[in-house]
Every structure is written in structure tokens, then in C-alpha cells.
Amino acid sequence: MKEKINKLFSQQLEKINDPDLREKVVEIWTDAAKKAGWQPHELEKIPFTLLTQTKGINLIEHTIAVTEGAIGLATAMKENYKEMPFEINFDWLVAGGLLHDVGKLLEIEKTDGGKYQKSYQGKCARHPISGAILVAQAGLPEEIINIVACHAKEGEERPKRIETVLIHQADFAVFDPMVMLEKRLLII
Ligand SMILES: [Fe+2]
């Protein structure tokens, strides 16, 4: 499982400078996948959400898209603002992007019929909560806990780090069009 996760996220993991943080990101994903009973080959089949039709977009693709999207936004600000009003920590941003939906490994389960549904654990605690617990248990910085805990609706009106804001916006930028598509509000 660890090898598979390392391979899936290799390009993003390379962008984390702190080797300890890089290792912990992989460990958290590995432990969560094992705990939930996923097999390595199943990872790229898990839908990225149960809230709308995913049209084949899986959790791994979504995680990479959100992480890269947030890196793009952060880079655009850094390269174009003469004065940055705040500092962006790229290690936290990339680690937080890779971990923002790790709780979905616990929130989503496969039925005997091969479909996907919300797990009992997912009903008790949505992925931002279960993910934040995993991140906290691994001893990651508070700032990454903020990213995972507050990237979705749980973070509305809550204080956030800039890295959390960027992950949230990147997440909804790729999620909203899927909802709009289902509601026939996306012009295609
Ligand atoms: Fe997400």
C-alpha cells in the first residue's frame, strides 16, 4: 500500500521539502487505507465524493487536482504581488492538499454489490473531522490540522490559514462544476 501511495502522489510529494513531513503524509494515507480495508488497486476507483455524480473522477485524481490547483494559486500570488501581505508555507500547502480528503477513505465504503456508500464511521464524523484526527494523531503541525478540518463546510466562518483558504477554493473550483453539471447549470 505504501509503495502504491508513494507512486500515485510522487510528483506532489517531491514538492514537500521536509522529508519527515513527506514521509508522514504517505504514512497517514497508508494507515487510513489499511484501517478502512482498501486494497491498493481499489484506490483509483474510489469516487471523490458521494454528493454528486463524479463521472469517473476518482479520489486520487481529485486530490492531485486540488493540490496542484492550490499550488498554482499560491505561486500566482507570490510571483505577481510586489508585497505579499502574508507568507504562504508551501510544505504545509502541499501536505494539506494531499491530506485534505484522506478522511474519505474512512467516510466511503464499498457495498457487496460494488457500489459506494457512506460508512457508519462517515455518518458519525465527516471526512474533515476524521481526517483532522488522523493528522493530529500523526503529530503534524496545527496548521495542517486547520487545512484538513476547515477545508469544507466545517470551516465556514471559522479562522483559517491562507493555505486552508487556497485548498478550500481549489477544492470547490473542481467540485462545483460537477454539481452544476448534474443540475444542468453548466454550459457545455
Ligand atoms: Fe476535496
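Values reported hereafter were calculated over all heavy atoms of this structure, with side chains retained and with hydrogens, waters and symmetry mates removed. Start at 1 and go down the list; that is how both ligands and their atoms are numbered. Every value quoted in this text rests on a predicted model; they were computed, and no experiment measured them.
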For the pair Asn146 (side chain) and Glu163 (backbone), establish whether a donor and an acceptor sit closer than 3.5 Å, ignoring hydrogens and angles. no

The ring pair (Phe, Tyr, Trp, His ring centres under 6.0 Å) partners of His168 (sequence neighbours excluded) come to Phe172

Test your reading of the model: is there a side-chain donor-acceptor pair from Asp91 to the backbone of Asn17, 3.5 Å cut-off? yes

Determine how many protein N/O/S atoms sit closer than 2.8 Å to the Fe ion (ligand 1), leaving waters out since they are not shown. 4

Under the rule for side-chain contact (heavy atoms from CB on, under 4.5 Å), what residues qualify as partners of Ser10, not counting sequence neighbours? none

Fit a plane to each ring of Trp38 and Tyr116, take the angle between them on a 0 to 90° scale, and name the class: parallel (under 30°), tilted (30 to 60°) or perpendicular (over 60°). parallel

Who pairs with Trp29 by ring pair (Phe, Tyr, Trp, His ring centres under 6.0 Å), at least two apart in sequence or on another chain? Phe9

